Amino acid sequence: MVNSVSSSITRKPSKVEGLKENSNFLREPVATEILQDTSHFSEDAVQILKFHGSYQQDNRDNRVKGQEKDYQMMLRTRNPGGFIAPQLYLALDKLADEYGNGTIRATTRQGFQLHGILKKNLKTAIATIVNNLGSTLGACGDINRNVMAPPAPFKNRPEYQYAWEYAQNIADLLTPQTGAYYEIWLDGEKAVSGEEHPDVKAARQKNINGSIIQDSIEPIYGMHYMPRKFKICVTVGGDNSVDLYSQDLSLVVVLTKTKNLAGFNIFAGGGLGRTHNKEETFARVAEPIGFVAKEDVYDLVKAIVATQRDYGDRSDRRHARLKYLIADWGVDKFRSKVEEYFGKPIQASRELIRFKYYDFLGWQEQGDGKLFLGISIQNGRVKNEGSLQLKTALKEIVTTYNLPIRLTPNQNLLFCEINPEDKSGIQEILDRCGVIADPSKIENLTRYSMACPALPTCGLAITESERAIPGIIDRIRKLLDRLGLQKEHFVIRMTGCPNGCARPYMAELGFVGSAPEAYQVWLGGCPNQTRLAQPFTDKLPDSEIESFLEPIFIFFKKLKTPKERFGDFCHRVGFDAIREFIANYRPGEPTSSGKSRHRVSLGDEMYLQLKETAEKEGRPMTELVNEALTKYLQSL
């Protein structure tokens, strides 16, 4: 018998562990406080509320000293494999207008978020979602989060169908069994939902060497649930649309020669959240654990969850993710412990083809005579703004054609099951609303970028992300063009804090908020997100992005090999070589225009004044100098 939760805790548990234990399986204090006529929940209730799919936030743009915060709730849906029924989409669209801030946001885990919901409207919003074939249960909190899968509806490729099937089944297996969710939000009435697979029901009660907690309302989780959040994806060989290396647990479909399901390759130990100036926290990529046959997959998933449940750190929440357990133990010890719960040795991994990133944008064939359409949503924000009436277009398409949706891990959206004769009508709606359907017409830096919401709603944000990245991408594109690198593009990801919600640590160029209007910069990830980037500088002011990147781009231009991508170049030459080039770089070197810019030295006091002015105005120092000198010379 493997050690139980209680015997694995050797240090004082964190406060959150006590809250979970005393919550009566996620009921209190949420059940009491939702009935109170107040604008917000207590801090204790907020921790339990996360398990129900909601975070309490406030609009930081509206903070006024001495006044109560502008409290509002963020609500996140749980949609295994990113599936959104048309009925659910229309319900979310209406909720956004009636109770939210008028927008819907696609997340990096294939769900939707609603922002701006008041506490008094939260119960109505959750009930509406559940009654329209959705759920928010387990979208947040110390629990298995939304299970990801490639969104492409390829009906002639069985591996994609298996990925969807097992993403749904694993999500069902690890769904909390407490009745708290339906008691609080639907007055005890459980909504009609799809029937669980019989193998899932059996696996939830099957006890192998302590893999479940017997006689518990939560046989897999127990009363303490997980030490921290737990993220899973199911994908197919070669498809890294799900960022599989960033997950706690990844399963990769392996087929037989006759295209039937043989089982899954297993990866574990990925995770990107970290804390600035806390070197004991770090981003980490998942490692191969082995192969599991299809008939044993649920038992192995339970064994891995149980290992983290019983041995994950419940004292220090910064050290509580599975990645730290594997980093501390090593893969071999971790595998051995999992095998104790599993009851048999884990097989050696099967050979896989190289993973690549796909976004599935544009008009494509499903393989069964129907079409699907991938639509780019910049930073996942579904809204109407100026000539781009995206929210109107999506609602009209769903209303008219009753199409199911698959959200992508890159914050985009696929309309599925499109009859070929409906293509022209859908295209007309998109054209009328200013929505680009042809991915070749989308700026590539924008197409492959991601950003988290950050300010003003996220309480953890240090600086801007979603609101800043469009302007920063525009500035980077102008710099590349000026340097003769017009055809270059790379994966840019930005977060307002180091928690990594937009997975910046897997990007070729990652911006991580480190101070107001400043970012830590990560370089050296790869286009297919299979290699971890590394931190290059800790605090880059927004106003100095061009002057910082210019020598790096020049170095890239000089030494890149044919077809070499920016992230691969940074990884190949190494940071020492990049830093040496920067140190010796002279801005007067020829650019693509053939013109030279010459270096002029400034005294220390003048430089500091110039830097301060540039930061206040959000402009490059070079631009200010050129402007001042031009005016001076014209006055002579």
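For reference, positions follow the sequence shown, starting with 1. Quick caveat: nothing in here was measured; it's all calculated off a predicted structure.
- The shortest side-chain heavy-atom distance between Leu272 and Met506 falls under the 4.5 Å cut-off.
- Within 6.0 Å of atom CD in Glu564, more than 12 heavy atoms from other residues, nucleotides or ligands are found, so the atom counts as buried in its surroundings.
- A donor-acceptor pair under 3.5 Å is absent between the side-chain atoms of Arg109 and the main chain of Pro409, judged by distance alone.
- Residues Phe569 and Thr561 have side chains not in contact (no heavy-atom distance under 4.5 Å, counting atoms from C-beta outward).
- Arg475 contributes no side-chain N or O that, together with a main-chain N or O of Glu546, makes up a donor-acceptor pair within less than 3.5 Å.
- Taking the ring axis of Phe556 as reference, the NZ or CZ atom of Arg565 does not stay both within 45° of it and closer than 6.0 Å to the ring centre.
- Residues Tyr585 and Ile554 approach most closely at OH-CG1, 3.9 Å, considering heavy atoms.
- A cation-pi geometry, defined here as NZ or CZ lying under 6.0 Å from the six-membered ring centre and within 45° of its normal, does not hold between Arg493 and Trp522.
- Other residues, nucleotides and ligands contribute more than 12 heavy atoms inside 6.0 Å of the CG atom of Asp61.
- Sorted by first then second residue, the salt bridge (Lys or Arg N to Asp or Glu O under 4.0 Å) pairs that include residues 451-464, not counting sequence neighbours, are Glu464-Arg467.
- Screening Thr408, Asn410, Leu413 against Pro151 for a side chain to side chain contact (heavy atoms under 4.5 Å, CB included) leaves a single residue, Thr408.
- Applying the 6.0 Å contact sphere to NZ of Lys395 captures no more than 12 heavy atoms from other residues, nucleotides or ligands.
- Here Glu544 contributes atom CD and Leu549 contributes atom CG; the two are 11.5 Å apart, rounded to the nearest 0.5 Å.
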| said: For a side-chain hydrogen bond (donor to acceptor under 3.5 Å, both in side chains) check, start with the C-alpha distance between Thr530 and Asn528, then their side-chain angles and the critical distance, and finish with the verdict. | reply: CA-CA 6 Å; Thr530 56; Asn528 294 313; 5.8 Å; no
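- Applying the 6.0 Å contact sphere to CZ of Arg318 captures no more than 12 heavy atoms from other residues, nucleotides or ligands.
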Q: Take Phe83 and Trp164, measure what side-chain contact (heavy atoms from CB on, under 4.5 Å) needs, and give me the verdict at the end.
A: CA-CA 9 Å; Phe83 178 73; Trp164 283 6; over 6 Å; no
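- Here the closest heavy-atom approach between residue Pro150 and residue Tyr160 is recorded as CB-CE2, 3.6 Å.
- In terms of heavy-atom proximity, Pro527 sits nearest to Val491 at O-CG2, 4.0 Å.
- Using a cutoff of 4.0 Å between basic side-chain nitrogens and carboxylate oxygens, Asp568 and Arg531 are scored as salt-bridged.
- In this structure the side chain of Val573 reaches within 4.5 angstrom of the side chain of Ile578, judged on heavy atoms.
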side-chain contact (heavy atoms from CB on, under 4.5 Å) between Ile232 and Leu251, worked out = CA-CA 8 Å; Ile232 299 177; Leu251 297 89; 3.9 Å; yes
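- Ring orientation note: the planes of Phe490 and Phe553 are tilted relative to one another, at an angle of 30° to 60°.
- Of all heavy-atom pairs between Asn412 and Ile375, the closest is CB-O, 3.4 Å.
- With hydrogens and angles ignored, the 3.5 Å screen pairs no side-chain donor or acceptor of Ser241 with any backbone N or O of Tyr358.
- Counting heavy-atom neighbours within 6.0 Å of Glu428 CD, excluding the residue itself, gives a total above 12.
- Side-chain contact between Ile492 and Ile476 is present, with at least one heavy-atom pair separated by less than 4.5 Å.
- Nearest heavy-atom pair, Cys501 versus Thr495, reported as atom, atom and distance to 0.1 Å: N-CG2, 3.8 Å.
- Salt bridge status for Glu488 with Lys557: absent, with no side-chain N to carboxylate O gap under 4.0 Å.
- Judged as a ring-ring contact (aromatic ring centres under 6.0 Å, His included), the pairs with a partner in residues 439-472 (not counting sequence neighbours) are, in order, Tyr448-His489.
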Next on the checklist: Show, in sequence, the C-alpha distance, side-chain angles and deciding distance for Leu480 and Gln486, and conclude whether the side-chain contact (heavy atoms from CB on, under 4.5 Å) test is met.
Outcome noted: CA-CA 6 Å; Leu480 290 169; Gln486 292 90 342; over 6 Å; no
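- Electrostatic pairing of Asp239 and Arg157 does not count as a salt bridge here, judged by no charged N lying under 4.0 Å from a carboxylate O.
- Between Cys458 and Met74 the shortest side-chain heavy-atom distance does not fall below 4.5 Å.
- Between the side chain of Thr77 and the backbone N or O of Phe112, at least one donor-acceptor pair lies under 3.5 Å.
- For the pair Tyr505/Arg274, a side-chain contact is recorded, criterion being any heavy-atom separation below 4.5 Å from C-beta on.
- Within 6.0 Å of the CD atom in Glu385, the count of heavy atoms belonging to other residues, nucleotides or ligands does not exceed 12.
- Considering all non-hydrogen atoms of both residues, Arg284 and Ala327 come closest at NE-CB, 3.9 Å.
- Using a distance-only test at 3.5 Å, with no hydrogens or angles considered, no donor-acceptor pair links the side chain of Gln113 to the main chain of Thr107.
- Judged by distance alone, with hydrogens and angles left aside, the side-chain atoms of Gln378 form no donor-acceptor pair with the main-chain N or O of Pro470 at under 3.5 Å.
- In this structure, CG in Asn277 is found 9.0 Å from OG in Ser514, a value given to the nearest 0.5 Å.
- Taking NZ of Lys487 as the reference point, atom CG of Asp481 lies at 12.5 Å (rounded to 0.5 Å).
- Rounding to the nearest 0.5 Å places CZ of Arg105 at 10.5 Å from CZ of Arg76.
- Residues Ile582 and Ile552 meet the side-chain proximity criterion, which asks for heavy atoms closer than 4.5 Å.
- Between Phe415 and Phe372, the ring center distance fails the sub-6.0 Å criterion.
- When side chains are defined from C-beta on, Met494 does not count as touching Met450, because their heavy atoms never get closer than 4.5 Å.
- Taking CG of Leu403 as the reference point, atom CD1 of Ile84 lies at 14.0 Å (rounded to 0.5 Å).
- Checking side-chain atoms of Glu287 against main-chain N and O of Val285 turns up no donor-acceptor pair under 3.5 Å.
- Checked for salt-bridge contact, Arg447 and Asp359 meet the test: a charged N lies under 4.0 Å from a carboxylate O.
- A donor-acceptor pair under 3.5 Å is absent between the side-chain atoms of Arg354 and the main chain of Gly238, judged by distance alone.
- Look at Asp248 and Lys323 and you find no salt bridge, because none of the NZ, NE, NH1 or NH2 atoms lies under 4.0 Å from a carboxylate O.
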Mind running side-chain contact (heavy atoms from CB on, under 4.5 Å) on Thr235 and Val253 for me, showing each step along the way?
CA-CA 6 Å; Thr235 189; Val253 171; over 6 Å; no
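- We find the CG-CG distance between Leu114 and Asp93 to be 10.0 Å, quoted to the nearest 0.5 Å.
- Ser250 contributes no side-chain N or O that, together with a main-chain N or O of Gln247, makes up a donor-acceptor pair within less than 3.5 Å.
- The backbone N or O of Thr463 sits nowhere less than 3.5 Å from a side-chain atom of Tyr519 that would complete a donor-acceptor pair.
- Judged by distance alone, the side chains of His276 and Asp538 never bring a donor and an acceptor atom under 3.5 Å apart.
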